[in-house]
Amino acid sequence: MARGEVLAKKGDKRLDIPACTECHGNVLTGQGDYIPGLLGLPADYVKKQLGSWRTHQRRATAPDCMASVARRLPVADIEAVVGWLSAQPLPTHTKAVPMIAKKLPMDCGSVKP
Ligand code: HEC
């Protein structure tokens with residue numbers, strides 16, 4: 001759980017993985033119109049999405065930042081971050097936070113107009 005929380009909120013510089021919160025919003029309910037929330041989802045579903053990015057079965061518009069995040073995460077870290085995410089209570093406000101002016105930590109094709 002501790003490792004999962006670190007990945008979600010701080011990321012891992014050594015593995016070149018930004019915090020999930022930097023893109024999915026500070027409370028992980030999504031950011032703007034194109035970055036979905038990560039809370040309230042079944043753990044199996046979230047693991048399946050990360051696995052599909054690793055095996056090229058799920059693709060987003062290039063540059064596919066989530067494919068890079070999923071491939072840089074060791075399998076044990078996928079377990080850790082998904083375990084932590086699925087243990088979080090759903091916040092009262094589940095709306096995505098507005099897109100902030102600050103640049104995303106990686107280029108994401110899905111977010112481009
Ligand atoms: C650089 C920005 C960025 C970072 C960092 C990031 N994500 Fe994402 N994530 C995205 C974008 C953009 C999408 C939407 C991709 C698409 O269009 O399919 C996404 C989608 C997802 C989805 C698919 C959700 C669904 O409903 O299908 C999951 C799961 C996910 N991210 C997990 C994570 C986790 C876990 C972390 C942290 C380890 C993380 N992401 C870090 C940008 C990011």
Side-chain angles (χ1 to χ4, degrees):
M1 288 303 254
R3 175 67 181 155
E5 183 170 14
V6 166
L7 286 166
K9 295 182 175 173
K10 296 197 166 88
D12 185 323
K13 283 210 168 58
R14 194 179 48 87
L15 298 175
D16 201 15
I17 299 171
C20 313
T21 51
E22 283 188 67
C23 292
H24 289 272
N26 54 349
V27 284
L28 294 165
T29 51
Q31 186 182 184
D33 290 333
Y34 305 104
I35 308 184
L38 296 179
L39 301 183
L41 298 170
D44 282 353
Y45 171 81
V46 179
K47 270 191 243 175
K48 174 76 164 56
Q49 303 318 303
L50 296 171
S52 301
W53 262 305
R54 288 163 72 92
T55 56
H56 305 268
Q57 286 167 318
R58 178 168 175 169
R59 288 190 186 89
T61 309
D64 190 349
C65 58
M66 267 315 297
S68 305
V69 169
R71 286 177 204 139
R72 287 173 196 174
L73 278 171
V75 173
D77 280 346
I78 290 185
E79 290 285 345
V81 73
V82 173
W84 184 82
L85 286 169
S86 62
Q88 301 314 300
L90 202 55
T92 358
H93 295 284
T94 53
K95 274 201 167 44
V97 298
M99 204 70 200
I100 46 170
K102 192 174 156 242
K103 216 174 157 292
L104 293 176
M106 292 166 77
D107 229 359
C108 302
S110 326
V111 179
K112 298 224 164 98

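We count ligands from 1, going down the list as the structure has it; atoms in each ligand are counted the same way. The figures that follow rest on heavy atoms only: side chains count, while hydrogens, waters and symmetry mates do not.
- The pair Asp64-Arg71 fails the salt-bridge criterion, with no side-chain N (NZ, NE, NH1 or NH2) lying under 4.0 Å from an Asp/Glu carboxylate O.
- Cysteines Cys65 and Cys108 have SG atoms closer than 2.5 angstrom.
- With a heavy-atom cut-off of 4.0 Å, Glu22 does not touch ligand 1 at all.
- The distance criterion of under 3.5 Å between nitrogen or oxygen atoms is not met by Gln49 with respect to ligand 1.
- The ligand atoms of ligand 1 that sit less than 4.0 angstrom from a heavy atom of Met106 are 1 (C).
- Proximity of Val46 to ligand 1 is established by a heavy-atom distance of less than 4.0 Å.
- Only the backbone of Ala19 comes within contact range of ligand 1, with a heavy atom under 4.0 Å; no side-chain atom does.
- Smallest separation of non-hydrogen atoms from Leu50 and Ala70: O-CB, 3.6 Å.
- The contact set between ligand 1 and Ala60, taken as ligand atoms under 4.0 Å from a residue heavy atom, comprises 16 (C), 17 (O), 18 (O).
- Heavy atoms of Arg59 come nearer than 4.0 angstrom to ligand 1 in no pair at all.
- The two residues Gly25 and Val97 have their closest heavy-atom pair at CA-CG2, 3.8 Å.
- The protein non-hydrogen atom at the shortest distance from atom 22 (C) of ligand 1 is Trp53 CZ3, 3.6 Å.
- Protein N/O/S atoms found under 2.8 Å from atom 8 (Fe) of ligand 1, listed by chain and residue number: His24 NE2, Met66 SD.
- Shortest contact from atom 17 (O) of ligand 1 to any protein heavy atom: Ser110 OG, 2.9 Å.
- Any N or O atom pair closer than 3.5 Å counts here, and Arg58 shares at least one such pair with ligand 1.
- Scanning all heavy atoms of the two residues, the minimum distance from Leu39 to Leu85 falls at CD2-O, 3.9 Å.
- Between Lys47 and Ile78, the shortest heavy-atom distance links the atoms CG-CG2, 4.1 Å.
- In Tyr45, the part holding a heavy atom less than 4.0 Å from any atom of ligand 1 is the side chain.
- Residues Asp12 and Arg3 are in side-chain contact: their nearest non-hydrogen atoms beyond the backbone lie under 4.5 Å apart.
- Counting heavy atoms from C-beta on, the side chains of Gln31 and Ile100 come closer than 4.5 Å.
- Those atoms of ligand 1 with a heavy atom of Tyr34 less than 4.0 angstrom away are 14 (C).
- Nearest heavy-atom pair, Pro91 versus Thr29, reported as atom, atom and distance to 0.1 Å: CG-CG2, 3.6 Å.
- Side-chain contact check for Glu79 versus Trp84: every heavy-atom pair is 4.5 Å or farther apart.
- Counting only heavy atoms from C-beta outward, the side chains of Val82 and Asp44 never approach each other to under 4.5 Å.
- By the 4.0 Å heavy-atom criterion, Trp84 is excluded from the residues contacting ligand 1.
- Taking both residues in full, the closest heavy atoms of Met106 and Val69 are given as SD-CG2, 3.9 Å, listed atom of the first, atom of the second, then distance.
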